[in-house]
There are 2 protein chains.
Amino acid sequence: MTSSPPHSSDPAGLPDSELLRLDHQVCFSLQAASRAFGGVYREALRELGLTYPQYLAMMVLWEHGPLPVRAIGERLHLDSGTLSPLLKRLETAGLVRRERSAQDERSVVVHLTDTGAALRERALPVPRTILAATGLPVEEIVALQRTLGRLTASLSRAV
Amino acid sequence: MTSSPPHSSDPAGLPDSELLRLDHQVCFSLQAASRAFGGVYREALRELGLTYPQYLAMMVLWEHGPLPVRAIGERLHLDSGTLSPLLKRLETAGLVRRERSAQDERSVVVHLTDTGAALRERALPVPRTILAATGLPVEEIVALQRTLGRLTASLSRAV
DNA sequence: CTGCAATAAGTTGTGCACAATTTAATTGTG
DNA sequence: CACAATTAAATTGTGCACAACTTATTGCAG
């Protein structure tokens with residue numbers, strides 16, 4: 001916007017004003033994209049009565065069958081503080097059942113109910129809807145994922 | 001992961017199993033990157049006593065001076081439901097003051113206090129820290145932003 | 001000038017993320 | 001076997017996002 005873009009990969013040589021713009025645009029872009037995804041998912045999942053995080057949890061169960069809370073959390077990168085109330089809501093909605101494991105009484109295994117299993121059929125068209133809504137060619141999506149992966153790895157390393 | 005990647009930009013020809021993977025990896029990648037950013041910002045902002053959204057609000061005020069709630073919300077894409085309590089916390093922390101506008105009694109103008117203005121000095125090194133933590137060359141960040149921008153535009157159009 | 005649509009904040013309610021703590025069960029070690 | 005460390009969930013508390021609604025003010029059309 002102000003001067004010619006730098007060509008070095010070393011941010012140390014840039015003025016603070018430039019840094020401010022760059023880093024916030026990245027974070028803003030990321031948030032904006034997340035927000036936009038949220039809107040599309042909200043729309044697509046409205047008739048299923050699921051939020052996006054609930055949909056993710058159901059996806060895991062549809063794919064893997066009964067799993068302890070811990071295992072669901074590992075796949076979704078969520079802890080029990082988030083999952084316990086979420087799963088409780090899914091149970092209230094009649095989509096899952098939670099049962100203490102007989103082998104390990106600490107563990108709670110989450111099962112799909114018949115209703116929950118049946119919901120899968122109605123959820124099948126969702127991914128196609130979302131992918132179409134991105135408007136990006138598949139190659140670009142793959143490239144984006146790769147870049148985001150490296151970004152996440154670097155950021156995680158930095159903390 | 002399983003078969004050769006498709007080379008078409010038309011998702012209609014792909015099997016559902018492949019679609020499931022693609023779209024979720026994108027959303028997951030996006031969430032993972034956001035989460036990772038969150039961690040880095042949390043760390044960088046801890047000693048300032050600010051959360052990331054609070055930091056953004058302060059940035060807007062540092063840059064533009066006194067602004068009505070509405071104007072802050074436009075720049076951050078947040079509504080009063082989010083901003084009102086956030087600004088109230090900033091006011092409690094002694095960083096901002098909120099004053100009814102004399103011209104338009106509906107409007108509340110947010111001013112920095114001396115403490116709030118002074119905090120800017122301590123926040124200056126933050127962007128450099130974040131950018132360094134991304135580990136990406138500047139060109140790639142710019143490209144990423146561009147892709148995310150198009151993604152967001154498409155998704156917004158789709159809702 | 002009256003009255004009604006539009007606007008600005010705030011409030012309420014739901015749901016998610018994350019940190020910190022609690023409880024209960026299990027595992028490992030002396 | 002006893003007991004400390006670990007592990008699995010749940011709970012509590014803070015903060016954010018978003019939708020729906022409320023209140024107060026402004027502005028405009030008749």
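Source: prediction; values computed, not measured. Note: hydrogens, waters and symmetry copies are ignored here, and every other heavy atom, side chains too, is used. Reminder, nothing fancy here: chain letters follow the sequence lines and each chain counts from 1.
- Taking every heavy atom of residues 92-104 of chain B and every atom of DNA chain D, pairs under 4.0 Å involve B/Gln103, B/Asp104, by number.
- Side-chain contact check for B/Leu136 versus A/Thr147: some heavy-atom pair is nearer than 4.5 Å.
- The shortest side-chain heavy-atom distance between B/Arg70 and B/Asp79 does not fall under the 4.5 Å cut-off.
- At whole-Å resolution of the value, CG in B/Leu83 and C1' in C/dG10 are 12 Å apart.
- Rounded to whole angstrom, the span from the CD atom of A/Glu43 across to the P atom of D/dA19 amounts to 11 Å.
- Between B/Val26 and A/Leu131 there is no side-chain heavy-atom pair separated by less than 4.5 Å.
- Between B/Pro66 and B/Val109 there is a side-chain heavy-atom pair separated by less than 4.5 Å.
- Under a 4.0 Å N-O distance rule, the pair A/Glu91/A/Arg98 qualifies as a salt bridge.
- A heavy-atom distance below 4.5 Å is found between the side chains of B/Tyr55 and A/His24.
- Protein atom CZ of A/Arg46 is 17 Å distant from nucleotide atom P of C/dT14, rounded to whole Å.
- Straight-line distance from the CZ atom of B/Arg106 to the P atom of D/dT25: 10 Å, rounded to whole Å.
- Nucleotide D/dA19 has C/dT12 as its partner under the Watson-Crick or G-U criteria, with both atom distances under 3.5 Å.
- Computed from coordinates, the A/Glu105 CD to D/dA10 C1' distance equals 16 Å when rounded to whole Å.
- Considering only side-chain N and O atoms, A/Arg70 lies under 4.0 angstrom from the phosphate OP1 or OP2 of D/dA8.
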Distances under 3.5 Å between protein N/O atoms and the N/O atoms of nucleotides 15-18 of chain C, please, pair by pair.
| from | atom 1 | to | atom 2 | distance (Å) |
| --- | --- | --- | --- | --- |
| C/dC16 | OP1 | A/Thr51 | OG1 | 2.8 |
| C/dC16 | OP1 | A/Gln54 | NE2 | 3.3 |
| C/dC16 | OP2 | A/Arg89 | NE | 2.9 |
| C/dC16 | OP2 | A/Arg89 | NH2 | 2.1 |

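- B/Ser156 and A/Ala36 get closest at one heavy-atom pair: OG-CB, 4.1 Å.
- In this model, the phosphate group of C/dA9 is not approached by any side-chain N or O of B/Lys88 to a distance below 4.0 Å at OP1 or OP2.
- In this structure, B/Ser80 reaches the bases: a heavy-atom distance under 4.0 Å links it to at least one base atom across the strands shown.
- Identified under the side-chain hydrogen bond (donor to acceptor under 3.5 Å, both in side chains) test for residues 40-50 of chain B, with sequence neighbours left out: A/Asp23-B/Tyr41, B/Glu43-B/Arg46.
- In plain terms, the two heavy atoms of A/Ala33 and B/Leu155 that are nearest each other are O-CD1, 4.1 Å.
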